[in-house]
**Student:** 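Take a look at the following structure, please.
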Amino acid sequence: MFDLNALNPMQRKAAETLEGPVLILAGAGSGKTRALTYRIANLIAHGIPPYAILALTFTNKAAKEMKNRIEQLIGSEVTDMWVGTFHSICVRILRRDIEKIGYSRSFTIYDEDDSVKVCRESLKELDIDDKTLPPKEVRRYISDAKNKMLTADEWFAKGPKDYRCQRIHDVFVRYEAKLKNANALDFDDLLFKTLQLFVDHPPVLDYYRRKFKYIHVDEYQDTNQTQYQLVRLLSMTNRNLCVVGDDDQSIYGWRGADIHNILDFEKDYPEAAVIKLEQNYRSTANILDAANQVIAHNSGRKEKTLWTETAPGESILLFRAGDEREEAAWVCERVKQLHEKQYAYSDIAVLYRTHAQSRVLEEMLTRAGIPYKTFGGPRFYDRKEIKDILAYLRLLVNHDDNVSLERIINTPRRSIGDSTVDALREHALMLHQSLYDSVRTPPESLSSRPRKCIQDFYTLMEGLEKERNGMPLGDFMQLVVDKTGLISQFKGETSEENLERIQNMKEFIGAARQFANESEEPTLEAFLENVALVTDLDREGEAPQYLTLMTLHSAKGLEYRAVFIAGLEEGLFPNNRSASDPERLEEERRLCYVGITRAKERLFLSYAKRRNLYNEIMHNERSRFLREIPDRLLLDQWTGVHDRALAASTPAWKRETPPRMDFPKARKPNLSFGTPGMKQKGVLNIPGVTKGFVPSKVREAENGTLKMLFSPGDSVLHRKFGEGKVLEVFGNGSDARIRIFFTAYGEKIFSLSMAPIVKIETH
DNA sequence: GAATAAATTGTTTTT
DNA sequence: CAATTTATTC
């Protein structure tokens, strides 16, 4: 049995306040999951049956972890407790009762891609130019509206009545009709329709109200209005609602999360017990100090001060890079060093604001031979070949799923062209039937050849459907892939890309087999649902010996012994688009706070003077967030000192781009450029290097003794190549050379008098 | 209808 | 700049 004494007083209070509304304000790393799991275990210990407990989380991973930890505490399996994301819980509710609001139970979940496709189709049918009104934008409007619980008409009634909004409204209406016809729900619908079900069918709501006597919401600061309403409805009668969150970590405002949900909780529930978890168990004092200093610049926060008993720890290391490549090289070098000092790669994460930043980092890491894994890029399930298989499966489950049908009717190629599909679509529209119905009974207007092709396709689908019964999921998927020719379409081709596709499909079938083995409900329907709601971040069991590369957003809820935050520049982070709006700027700051508080022991910050992003060269100031961290906490990588005033007294060549001077072209090979695999173009374009350096006076004077300054084993910092180790120093006078090994670039030889290097560590 | 060339476009974050 | 969409040609 578990022991509540293992908790600190505040955590304990949280775990023991079982009745009535409770607001747990939990700072980063304050053990909120711990408090929450103990609370739920405590409920069970008090005789509350698990089926009366509902716990809503932000990610599937968090749900899984919570369930595991509760089971560990009470020492037995919990099966009847509802723990999951809002979306998955809503699907569960809808699968039971969605027929009451006019859908079939076998509804399909449309992902963003599918939604955009439906928008595009709607625009086309309404004869609206998709250049004046891009499908993606319309989808955003629709999504925003649904997050605010607005139907198409309500949305229009609230907003401006200009031409543009009228058209958006038209598309919105058509979009909704299309989804309804296809028996499909988009992501936002999962929440919205559940709400509608509750409102329109009080007995259903009543059932869940009686069932869920104790409701928990994790990451409450990231709930949107629909979620808020759902929770409110469910908890209204018994008022046993426990929400956990941190207003300082609200970072999803852009997709409809409403920070006021947490800020105003006490207004909604005046009798609420408010418990603050303020002791941080994760980070060193220095890191926590920095985080506190940054977040203190926000206004309208809940009163809260994080503190820790741990030692100050190492200083936060700050690096100003010349450009993004230098920044990446620095990261690689530090990672290697950490790795030598008993840090596993899985203890380290590199965080950035946008995915676009990951490319250079990945390139350098590969060169440095550091294994890494990126998260949050395109999902595995979003790959074309996977979506093709999924489309077949979805169509088999839901014949009305027009989007899936259109995707696969000619994939792999079976000679059904656009004009044929157009004819089918028109036919379906006229008879008010689904596309699949039109495939079953093609219109008379079609000539015999396309008719035959359509017939063959229908026969194929019918055959699959017959075989599905009684067949295990994995076997059936294998069958689908074989019969449809999804794999054999690549047979004979040996291109890298196609081999990878085949590999992915096989992996996908493997994933299905695994799902069938582990799941309580190994059906195709359940598998499709899982695929729709699970992200890569949730896929567990990924090899742990990898360095993690991800956006600051995806890092929420995670922790690492060492954390890098790259690209701390005005315009990038905080992002340009947030600069004008103070509220969005505060959200950026919260994002920074989230990033800093991911670190347990070491924090590394970097920014680049010059950055090539989106094919533009930007010269950005260092981020304001860096200024918000006191100097005493920051150690400058260049100068090795804390005080920035000292940084100004370092030799000019170390601080600024040197004056430009044209080098003779023959000079280039001496600098041993052209690392294998490096695009020549890229090398020529690096300013300041190909243009050459002007040696400083200080260095000229030192020339005679320079050789003694460097010896093998020393760590040096090169203006362009970043950090490296000295291998050898040879030659005399002005011919003196130095051979250095750089993590990301390999061996280079420089003229000792010319090379822009500084020693940072003696061997 | 398919393969290739040309043009366009997007780049914040994602359950 | 790269990746995707669209136009062109066979």
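Below, read A as the first sequence line, B as the second, and so on, with proteins coming before strands; counting in each chain starts at 1.
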**Student:** Write down the distance between CZ (A/Arg590) and C1' (B/dT12), rounded to a whole number of angstrom.
**Tutor:**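 In whole Å, B/dT12 C1' and A/Arg590 CZ are 15 Å from each other.
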
**Student:** Over how many whole Å does the gap from A/Tyr110 atom OH to B/dT15 atom P extend?
**Tutor:**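 After rounding, the gap between these two atoms is 21 Å.
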
**Student:** In chain order, what residues pass the side chain to side chain contact (heavy atoms under 4.5 Å, CB included) check against A/Thr85, with sequence neighbours excluded?
**Tutor:**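 So A/Thr85 forms a side chain to side chain contact (heavy atoms under 4.5 Å, CB included) with A/Thr57, A/Asn60, A/His87, A/Ser88.
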
**Student:** According to salt bridge (charged side-chain N to carboxylate O under 4.0 Å, His left out), who are the partners of A/Glu426, at least two apart in sequence or on a separate chain?
**Tutor:**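 Partners of A/Glu426 under the salt bridge (charged side-chain N to carboxylate O under 4.0 Å, His left out) test: none.
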
**Student:** How many whole angstroms separate atom CD1 of A/Ile89 from atom P of B/dT15?
**Tutor:** 17 Å

**Student:** Is the ring centre of A/Phe625 less than 6.0 Å from the ring centre of A/Phe573?
**Tutor:**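 Here the rings of A/Phe573 and A/Phe625 have centres that are less than 6.0 Å from each other.
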
**Student:** If you pin A/Ile416 and A/Phe58 to their nearest nucleotides in DNA chain B, which one's is more 5'?
**Tutor:**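 The residue whose closest nucleotide sits nearer the 5' end is A/Ile416.
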
**Student:** With a 4.0 Å cutoff (strictly under), does any side-chain N or O of A/Thr551 reach OP1 or OP2 of B/dT14?
**Tutor:**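 Checking A/Thr551 against B/dT14: at least one side-chain N or O falls below 4.0 Å of OP1 or OP2.
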
**Student:** Which whole-number value in Å describes the distance from A/Asp186 CG to B/dT14 C1'?
**Tutor:**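 From A/Asp186 CG to B/dT14 C1': 14 Å.
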
**Student:** Expressed as a whole number of angstroms, how long is the span from A/Glu324:CD to C/dC1:P?
**Tutor:** 12 Å

**Student:** Give a yes or no on whether the backbone of A/Phe107 and the side-chain of A/Arg95 come within a donor-acceptor separation of less than 3.5 Å.
**Tutor:**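 Looks like yes, one N/O pair under 3.5 Å.
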
**Student:** Specify the residue among A/Pro134 and A/Glu587 whose closest nucleotide of DNA chain B lies further upstream toward the 5′ end.
**Tutor:** A/Pro134

**Student:** Examine distances only and state if a side-chain atom of A/Gln221 and a backbone atom of A/Asp248 form a donor-acceptor pair shorter than 3.5 Å.
**Tutor:** no

**Student:** Can you check the A/Asn576 CG to B/dT11 C1' distance for me, whole Å?
**Tutor:**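 For the pair A/Asn576 CG and B/dT11 C1', the rounded distance is 13 Å.
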
**Student:** State whether A/Lys384 and A/Asp388 are salt-bridged, where the test is any N-O pair (Lys NZ or Arg NE/NH1/NH2 against Asp/Glu carboxylate O) under 4.0 Å.
**Tutor:**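 A/Asp388 and A/Lys384: not salt-bridged.
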
**Student:** What interatomic distance, in whole Å, is found between P of B/dT13 and the corresponding atom of C/dT4?
**Tutor:**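 15 Å, rounded to whole Å.
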
**Student:** Return no unless some side-chain N or O of A/Ser554 is found under 4.0 Å from OP1 or OP2 of B/dT14.
**Tutor:** yes

**Student:** With hydrogens left out and only the distance checked, is there a donor-acceptor pair under 3.5 Å joining A/His87's side chain and the base of B/dT15?
**Tutor:** yes

**Student:** Just call it for A/Lys136: base, sugar-phosphate, or nothing, with non-hydrogen atoms closer than 4.0 Å on any strand.
**Tutor:**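 Sugar-phosphate, backbone atoms only, no base.
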
**Student:** In whole Å, what is the span from the CD1 atom of A/Ile409 to the P atom of B/dG1?
**Tutor:**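 A/Ile409 atom CD1 is separated from B/dG1 atom P by 12 Å.
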
**Student:** Using a heavy-atom cut-off of under 4.0 Å over every strand shown, decide if A/Ser415 touches base, sugar-phosphate, or nothing.
**Tutor:**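 The residue A/Ser415 makes sugar-phosphate contact but no base contact.
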
**Student:** Quiz question: going by heavy-atom distance under 3.5 Å, is there a donor-acceptor pair between the base of B/dT13 and the side chain of A/Arg353?
**Tutor:**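 It does, because a donor-acceptor pair links the side chain of A/Arg353 to the base of B/dT13 below 3.5 Å.
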
**Student:** Would you mind reading off the distance between A/Lys61 atom NZ and B/dT15 atom P, rounded to a whole angstrom?
**Tutor:**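 About 12 Å, once rounded to whole Å.
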
**Student:** For A/Lys146 and B/dT15, is the shortest distance between a side-chain N/O and OP1 or OP2 below 4.0 Å?
**Tutor:**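 False: A/Lys146 side-chain N/O out of range (4.0 Å or more) of B/dT15 OP1/OP2.
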
**Student:** Is A/Trp254 stacked on the base of B/dT13 when the test is centres under 5.5 angstrom and planes under 30 degrees?
**Tutor:** yes

**Student:** Which of the following nucleotides, B/dT12, B/dT15, B/dA3, is nearest to the side chain of A/Arg413?
**Tutor:** B/dA3

**Student:** Does OP1 or OP2 of B/dT14 have a side-chain N or O of A/His355 closer than 4.0 Å?
**Tutor:**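 A/His355 to B/dT14 OP1/OP2: side-chain N or O found under 4.0 Å.
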
